[in-house]
Amino acid sequence: MFKIILICVISAFSSITYAATWNVLGGTFHVIDGSGSSPNGAPILFNGNGSFSDGVFDGSASAFSTDSSATYAGVETFQYLNEDLVAFFAPSGKDGEIDRLTGLNAPYIDLNTMTADMSSMFANWNSDPSISYVGEYNIGGIAAVTTLDEWSYELAWNSLQVSGPYQGLTVEMTMQVSSVPVPAAVWLFGSGLIGLFTFAKRKKA
């Protein structure tokens with residue numbers, strides 16, 4: 001019985017750490033052509049204004065379905081070529097409205113393989129908000145993850161544009177994120193439970 005309880009406790013705390021939440025600190029947005037040159041200048045810096053959770057869609061099929069100043073990718077709206085660029089994670093097949101979103105994975109950072117699935121990240125740029133989906137395009141990809149410090153990491157990936165305003169060009173993205181650690185009180189509670197069960201087992205013996 002003790003082993004079953006211990007396994008349940010360990011499994012519960014493993015699940016807590018599995019679905020991490022990430023604060024977006026900032027990053028860069030850069031467009032290059034096939035030769036690697038930059039037709040639109042140097043990388044654009046952006047700041048973070050939110051967070052996202054592993055394996056959870058947190059976004060909208062349209063960047064303009066909510067206040068564009070508080071975007072869903074944790075990335076603030078920023079100016080690119082004098083127009084607002086809004087980034088968001090698109091939900092897979094939201095309301096069955098559009099097939100191109102079906103099958104995309106929710107964002108996930110894997111610190112075992114040091115890769116991140118950011119394939120569901122979209123942007124909306126230079127678009128008339130009254131016309132649905134015009135100007136929206138996928139800027140997601142599989143990112144390489146590098147460690148910045150104990151809790152912070154940088155994601156870097158490229159996305160070749162097959163349609164939209166950057167068709168034929170490559171979007172280069174970096175994103176700096178920090179993990180939200182599980183509160184110390186939670187770990188103390190868990191270790192206390194394990195200690196209590198261990199004490200009870202010894203006393204019974």
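Separating the CG atom in Leu160 from the CG atom in Leu169 is a distance of 8.5 Å, to the nearest 0.5 Å. A distance of 7.0 Å separates CE in Met173 from CZ in Phe29, rounded to the nearest 0.5 Å. Put simply, OH on Tyr166 and OG on Ser159 are 12.0 Å apart, with the number rounded to the nearest 0.5 Å. Distance check, rounded to the nearest 0.5 Å: CD of Glu150 to OG of Ser179 gives 8.5 Å.
The heavy-atom pair separating Ala143 from Met118 by the smallest distance is CB-CG, 4.4 Å. For the pair Gly55 and Ala106, the tightest heavy-atom approach, listed with the atom from each and the gap, is C-CB, 3.5 Å. Contact detail for Met121 and Ala73: the closest heavy-atom pair is CE-CB, 4.1 Å.
Looking at Gln161, its side chain never comes within 3.5 Å of a backbone N or O of Gly168 through a donor-acceptor pair. When atom types are taken as modelled, the side chain of Thr174 and the backbone of Thr28 share a donor-acceptor pair closer than 3.5 angstrom. Distance alone, capped at 3.5 Å, is enough to place a donor-acceptor pair between the Ser120 side chain and the Asn105 backbone. Using modelled atom types, one side-chain atom of Asp54 and one backbone atom of Ile109 make a donor-acceptor pair closer than 3.5 Å. Here the side chain of Trp125 pairs a donor or acceptor atom with the backbone of Tyr80 at under 3.5 angstrom.
Leu155 and Phe78 fall within the same hydrophobic cluster, where Ile, Leu, Val, Met, Phe, Trp and Tyr residues are linked whenever their side-chain heavy atoms come under 4.5 Å apart, directly or through other members. Placement of Leu25 and Val177 in two distinct hydrophobic clusters is found when ILVMFWY residues are connected by side-chain heavy-atom separations under 4.5 Å, directly or transitively. Cluster membership check: Leu81 shares its hydrophobic cluster with Val31, using side-chain heavy-atom separations under 4.5 Å among Ile, Leu, Val, Met, Phe, Trp and Tyr.
At a threshold of 4.5 Å between non-hydrogen side-chain atoms, the residues Met114 and Thr147 count as touching. Proximity of Ile142 to Asp117: side-chain heavy atoms (C-beta onward) are separated by under 4.5 Å at one or more points. A heavy-atom distance below 4.5 Å is found between the side chains of His30 and Ser38. Considering only heavy atoms from C-beta on, Phe46 stays 4.5 Å or farther from Leu85 through its side chain.
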Does the pair Trp22 and Met175 meet the rule for a side-chain contact (heavy atoms from CB on, under 4.5 Å), with working shown?
-> CA-CA 11 Å; Trp22 302 93; Met175 181 183 291; over 6 Å; no
Show the numbers, then the answer: is there a side-chain contact (heavy atoms from CB on, under 4.5 Å) between Ile139 and Tyr137?
-> CA-CA 6 Å; Ile139 57 171; Tyr137 54 100; 3.3 Å; yes
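Residues forming a side chain to side chain contact (heavy atoms under 4.5 Å, CB included) with Asn82 (at least two apart in sequence, or on another chain): Gln79.
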